[in-house]
Student: 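Have a look at this one before I ask anything.
The model shown is predicted, which means the values in this text are computed figures rather than measured ones. Numbered from 1 within each chain, the chains take letters A, B, ... in sequence-line order.
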Amino acid sequence: MSYHFNKIEEKWQKYWAENQTFKAFNTSEKPKYYVLDMFPYPSGAGLHVGHPLGYIASDIYARYKRHKGFNVLHPQGYDSFGLPAEQYAIQTGQHPALTTQNNIARYREQLDKIGFSFDWSREVRTSEPDYYKWTQWIFIQLFESWYDLEAEKSRPVSELVELFSSEGNTRVNAACDADIAEFSAEDWAQYAEDEKEQILLKYRLTYLAETEVNWCPQLGTVLANDEIVNGVSERGGYPVIRKKMTQWSMRISAFAERLLQDLNKLDWTESLKESQRNWIGKSVGAQVAFKVMNSDAEFEVFTTRPDTIFGVNFMTLAPEHELVSKITTEDRRQEVEAYIEATAKRSERERMADVKTISGAFTGAYAEHPFTKEPIPIWIGDYVLAGYGTGAVMAVPCGDQRDHDFARHFDLPITNIFKDVDVSQEAHAGKEGTVIANSDFLSGLEYKEALNRVILELEKTGQGYGKTNYRLRDAVFSRQRYWGEPFPVYYVNGLPKMIDLEHLPLRLPEVEKYLPTESGEPPLGNATNWAWDTEKNEVVSNDKINNSTVFQLELNTMPGWAGSSWYLFRYMDAGNPDVFVSEEAQQYWENVDLYIGGSEHATGHLLYSRFWTKFLSDRGKLSVEEPFKKLINQGMILGTSAFVYRLEGENVFISATQIKGNNVQPIHVDVSLVNASDELDVEGFKKWRPEFAEAKFVLEDGRYIVGREVEKMSKSKYNVVNPDEICERYGADTLRMYEMFLGPLEQAKPWNTAGITGVHNFLKKFWKLYHNGADFQVSAKKASADSLKSLHKTIKKVTEDIEDFSFNTSVSTFMICVNELTAQKCSSREVLEPLAVLIAPYAPHIAEELWQKLGHDKSITTANYPEFEEKYLVESKKNYPVSFNGKMRFTIELPMDLSKDEIEKNVLEDERTKNQLSGSTPKKVIVVPGKIVNIVT
RNA sequence: GCUCGAGUGGCGGAAUUGGUAGACGCGCUGGAUUCAAAAUCCAGUUCUUUCGGGAGUGUGGGUUCGAUUCCCACCUCGAGUACCA
């Protein structure tokens, strides 16, 4: 009987579903282990072979951990709010909820065919009211909290109000908006309620603010920084402009230091931590105040090099700096205004692309040096960004290349304050080993000493202080979309109020159109029932708005990352109607032990999720400060696109080998029309699209050869390979093993269906090992020593590989093992039983089938792996090559578990060694246990 | 520009506390089986060679008895980030 994988796989998938084999329980004697995949957005295109890569890896690990005796939580769900469903709705009028539901059904069908061990009883969907109820709840928690910088902790706003009532805000060290005025307890008592609300809003962890945002006109929404790639939107590639809008923001900047420090606790790749560090962008330096001469104006600069303060030759303000118009002298005004206008016209993108051109203008004003009291000219220049630091810099051309370039361009002086360094050609940015000169009290000091000294001096004279800056900005949380979580917010006199917790969820209203309204409001502006009745506590018709009991609800919705920032906790207690996750469930599962997903989320999802976890932990809702202990980025599986070449202006296609000098236009052709040797199915191609029906071909030896290129897999490039087809043709077990076999998990690699036969043949050989013709046949006899050695080698290697996530080499190890067992004609139960357990994580269906035929009545999932490791520890032997001065001479057979000294002794006592040495004493004997003995004579 | 990562046969890729480079698979070549094909099985497959060998892990140096692995310089590719003061 041959290997009927379709039948076997169907049988076991049904068995697992019916018996809820992979259901995890929130109490167990066993230790817990939580394996999570980044949940997918269910797009209309369905899954291609690239999607399951990470899921297969995590599934192997989850199944392995079960064998190892862990209580494993391995759930799956859908990040189901998002743009594509909404855009589809705009085009077709179909409700996004319906599209989403259909897409999810399709995804589920595809996922089920691959035989994953997900606990589907815990499935979550971010677009379900039962789920987004808790997203709204977290939003309210954030609104009701402020950040205490002293305690480095989020605290309830009620405690802030107490502080204000007892001592005002002068001593409160909180993360807040920049424009806070000082007030006393008495002042606070006298403020009207609305005034108090206004002030509190500046402290809340989610707050309304007029912010300059990245507006994408084509998408009709704002985008977060991480949703913009090269100045255009990540989705669709549309241009993005800056625009001022009132938006909800998240005070993530308050958590910058903790987000940075705690990276050290995580088992993530260095490159990923590095991107987060970059994104947070900590720089330590000083804030220094400069007085404008002949004026009462003063401005601050931020610098990481206060030690170079005596090298300041000029100041540069961002053109948008508020002081510019105030300090510009009359004779300079025209030039300065022209420059400001010119820079304002240039888009962010142009400004970014063009970093070579140096431009600026002199304001005519001078600042006073804090120590020398000398006048310093104040310039404006667009190399200084309004949004970073204070929007002003002290320019030290001898120490900073941009300042140097600017000085040379405008012919400004360059003072050298470094000892024995030439700065005439370029700035000297090095710190270590540099001695400061020409700098009054800093002269003769090294960088570190000078730095400390100058900050001390600045603080003493009240002209500055040591300061740390972060690049991390607060995250804009409003989106002008329909298909997202509605904010649980209504407005009273322009002030936001939260809906009471017990009335959540606030469900998305129905709308006629999913586009923004004619007056430019978000799509929810189209809803006719979108007002909140504070007496009935329910949504009512907009007609009833009276601003005393019925109020307008918020029209924005939350961004995509809202639902994905906390979903890992919902799996622990999915469906709990009373709380987002129960304390018991959360304390049992803690957080994710292993998280697998793509690296594109390095600075978005992974940072926001860490932020919300820290916040919820501060407020006592969670017992952990980090969501994901260990994280692995799986590399993308790329598609191998195929091209046909059309002669310019004709319906004639030239084989890739015949192009020569012809002018051709490459056209993507569906990869299913091309065979493994790059030959096009010409008849199929003609039928593929009507415009090709009459096409003519220039062939090579009667064949049309296509061109190939490796690209991202996508529908529009016709290079998508569907996992269903692979499962149909080769089986899920083959697909799973082949995806692992393709290469290292973390590396990007092209898909190539041709190689799959190797893995498929391996499974067939494995099957043949215990089948004689049509009959299942295993021997009850003891296995030979060789077979046991093969088995044990495999157990050892595969176990090590799984622990290191080197799944590709473990597939090779299985192949070697089966080849050896085939050669040994081994069909012993003694070998096959542990082998079934070992291979089950990779190829679960064939393993279950074998396990059952071996007489077990429970799923192989319950098999205990350490038991097999113990039982089959055989004493293996190894041949040690012995070489003299690097030249290999002969081998000696010795047991593997000898110590270095024992091996050395055995080798030196061997007759052949004595012959080689012929009486002389070796200089050195190098022994590598398990590998080699090298004798240096 | 900066940060991180990677360069090994025709291809995907193995091998690092420094120890027989090219495991395993694809492809290719030859053979068996077959009327034939598919499938399967067996053998071979880094290059070069006067069949003794010789060369070889991006390039050039270095450390070492021994380097794909460690160090220095350079080249190429990929990812991230970018006037961040």
Side-chain angles (χ1 to χ4, degrees), chain A residues 2 229-230 269-279 281-283 285-286 301-306 308 316 318 351-358 381-385 387-396 399-403 405-406 429 469-472 599-600 602-603 633 635-636 676-677 737-738 741-744 746-762 764-765 768 797 806 808-819 822 879-888 891 922-937:
Chain A
S2 59
V229 178
N230 296 328
T269 59
E270 211 34 57
S271 69
L272 201 103
K273 291 191 200 178
E274 202 55 38
S275 336
Q276 290 221 345
R277 284 191 197 110
N278 253 318
W279 196 259
K282 181 180 183 176
S283 42
V301 302
F302 174 74
T303 175
T304 53
R305 296 294 303 275
T308 62
T316 315
R351 234 167 113 166
M352 262 160 53
D354 175 27
V355 297
K356 292 267 145 51
T357 318
I358 296 161
D382 69 358
Y383 80 96
V384 176
L385 303 176
Y388 184 76
T390 61
V393 302
M394 56 177 231
V396 183
D400 184 284
Q401 194 55 45
R402 288 156 307 170
D403 296 343
D405 295 342
F406 195 86
N469 244 335
Y470 298 91
R471 195 171 76 93
L472 184 68
S599 58
E600 66 273 19
T603 48
N633 286 129
M636 207 189 305
S677 38
M737 291 197 101
Y738 186 56
F741 184 69
L742 272 178
E746 310 197 49
Q747 208 170 289
K749 51 219 165 245
W751 176 268
N752 172 16
T753 305
I756 203 168
T757 52
V759 173
H760 190 60
N761 280 344
F762 151 72
K764 283 200 267 188
K765 275 191 224 163
K768 267 195 193 165
K797 185 71 170 50
S806 306
N808 54 332
T809 50
S810 45
V811 177
S812 295
T813 308
F814 280 122
M815 289 176 174
I816 296 166
C817 178
V818 166
N819 281 343
T822 304
N879 293 334
Y880 283 85
V882 179
S883 63
F884 293 85
N885 270 357
K887 296 275 177 192
M888 216 257 282
T891 61
K923 274 187 193 154
K924 208 181 196 178
V925 180
I926 301 141
V927 177
V928 183
K931 286 190 176 164
I932 193 167
V933 179
N934 203 312
I935 299 172
V936 182
T937 48

Student: Strictly distance-based, threshold 3.5 Å: is any side-chain N or O of K749(A) a donor or acceptor partner for the main-chain N or O of P744(A)?
Tutor: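 Pair found, side chain donor or acceptor close to backbone of P744(A).
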Student: For L742(A) and C11(B), give me the distance from atom CG to atom C1', rounded to whole Å.
Tutor: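 After rounding, the reported distance stands at 12 Å.
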Student: If every non-hydrogen atom of A392(A) is compared with every non-hydrogen atom of V384(A), which pair is closest and at what distance?
Tutor: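 Heavy atoms of A392(A) and V384(A) come nearest at N-CG1, 4.0 Å.
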Student: Residues in salt bridge (charged side-chain N to carboxylate O under 4.0 Å, His left out) with R277(A), at least two apart?
Tutor: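 Once residues adjacent in sequence are excluded, the partners of R277(A) under the salt bridge (charged side-chain N to carboxylate O under 4.0 Å, His left out) criterion are E270(A), E274(A).
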Student: Considering only A15(B), C83(B), G25(B), which nucleotide approaches the side chain of Y383(A) most closely?
Tutor: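 Closest of the options to the side chain of Y383(A): C83(B).
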Student: Could you tell me the separation between the CZ atom of F814(A) and the P atom of G25(B), rounded to a whole number of Å?
Tutor: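 The distance from CZ of F814(A) to P of G25(B) comes to 15 Å, rounded to the nearest Å.
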Student: Counting the atoms with a prime plus P, OP1 and OP2 as sugar-phosphate, which does P744(A) contact under 4.0 Å by heavy atoms, base, sugar-phosphate, or nothing?
Tutor: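 P744(A): backbone/sugar contact only, no base atoms under 4.0 Å.
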Student: Just label G9(B) as syn or anti from its O4'-C1'-N9-C4 or O4'-C1'-N1-C2 angle, using within 90° of 0 for syn.
Tutor: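 G9(B): syn glycosidic orientation.
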Student: Find which nucleotide of RNA chain B each of E270(A) and S806(A) is nearest to by heavy atoms, and output the residue with the more 5' nucleotide.
Tutor: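 Closer to the 5' end of RNA chain B: E270(A).
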Student: Out of D403(A), I358(A), D405(A), which one pairs with Y383(A) under the side-chain contact (heavy atoms from CB on, under 4.5 Å) rule?
Tutor: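 Going through D403(A), I358(A), D405(A) one by one, the side-chain contact (heavy atoms from CB on, under 4.5 Å) with Y383(A) is satisfied by D403(A) alone.
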Student: Report the distance from atom NZ of K749(A) to atom C1' of G25(B), rounded to the nearest whole Å.
Tutor: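 Taking NZ of K749(A) and C1' of G25(B), I get 15 Å after rounding.
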Student: Who pairs with D400(A) by salt bridge (charged side-chain N to carboxylate O under 4.0 Å, His left out), at least two apart in sequence or on another chain?
Tutor: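 Only R402(A) meet the salt bridge (charged side-chain N to carboxylate O under 4.0 Å, His left out) criterion with D400(A).
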Student: So, is S283(A) near the phosphate of A85(B), with a side-chain N or O under 4.0 Å from OP1 or OP2?
Tutor: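 For S283(A), the contact criterion (side-chain N or O under 4.0 Å from OP1 or OP2 of A85(B)) is met.
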Student: Would you please name every residue forming a salt bridge (charged side-chain N to carboxylate O under 4.0 Å, His left out) with K273(A), sequence neighbours left out?
Tutor: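 None.
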Student: Would you classify S812(A) as touching base, sugar-phosphate or nothing, given that sugar-phosphate means primed atoms plus P, OP1 and OP2, and contacts are heavy atoms under 4.0 Å?
Tutor: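 Here S812(A) touches the bases of the nucleic acid.
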Student: Please give, in whole Å, the distance from A82(B) P to E274(A) CD?
Tutor: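 Rounded to whole Å, this separation is 14 Å.
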Student: For G52(B), decide between syn and anti, treating a glycosidic angle within 90° of 0 as syn.
Tutor: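 Because its glycosidic torsion lies within 90° of 0, G52(B) adopts the syn conformation.
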Student: Classify N752(A) by what it touches in the nucleic acid, base, sugar-phosphate, or nothing, heavy-atom distance under 4.0 Å.
Tutor: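 The residue N752(A) makes no contact with any strand.
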Student: Looking for any heavy atom pair under 4.0 Å, which part of the strands does Q747(A) touch: base, sugar-phosphate only, or nothing?
Tutor: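 It contacts sugar-phosphate atoms only.
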Student: Could you tell me whether the phosphate oxygens of A14(B), OP1 or OP2, come under 4.0 Å of any side-chain nitrogen or oxygen in N808(A)?
Tutor: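 Answer is yes, contact under 4.0 Å.
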Student: With T303(A), which residues qualify under side-chain hydrogen bond (donor to acceptor under 3.5 Å, both in side chains), at least two apart?
Tutor: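 T303(A) satisfies side-chain hydrogen bond (donor to acceptor under 3.5 Å, both in side chains) with no other residue.
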Student: Are any of R402(A)'s side-chain N or O atoms less than 4.0 Å away from OP1 or OP2 of C84(B)?
Tutor: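 Answer yes for this pair, as a side-chain N or O of R402(A) is under 4.0 Å from OP1 or OP2.
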Student: Only counting residues at least two apart or in another chain, list the ones meeting ring-ring contact (aromatic ring centres under 6.0 Å, His included) with F814(A).
Tutor: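 Here the qualifying residues are Y842(A).
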Student: Mind calculating the distance between CD (E746(A)) and P (G80(B)) to the nearest angstrom?
Tutor: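 Rounding to the nearest Å, CD of E746(A) and P of G80(B) are 16 Å apart.
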Student: Provide the distance between the two P atoms, one in A73(B) and one in G5(B), to the nearest whole Å.
Tutor: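 It works out to 15 Å between them.
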Student: Can you check the D382(A) CG to C84(B) P distance for me, whole Å?
Tutor: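 Rounded to the whole Å, the gap is 13 Å.
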Student: Could you go through nucleotides 40-44 of chain B and list every protein N or O atom that sits under 3.5 Å from one of its N or O atoms, giving the distance for each pair?
Tutor:
unit_1	atom_1	unit_2	atom_2	d
U40(B)	OP1	N761(A)	OD1	2.5
U40(B)	OP1	N761(A)	ND2	3.4

Student: Please state how far atom CD in Q276(A) lies from atom P in U81(B), giving the value in whole angstrom units.
Tutor: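 The distance from CD of Q276(A) to P of U81(B) comes to 12 Å, rounded to the nearest Å.
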Student: Measure CZ/F741(A) against C1'/A23(B) and give the value in whole Å, please.
Tutor: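 Answer to the nearest Å: 10 Å.
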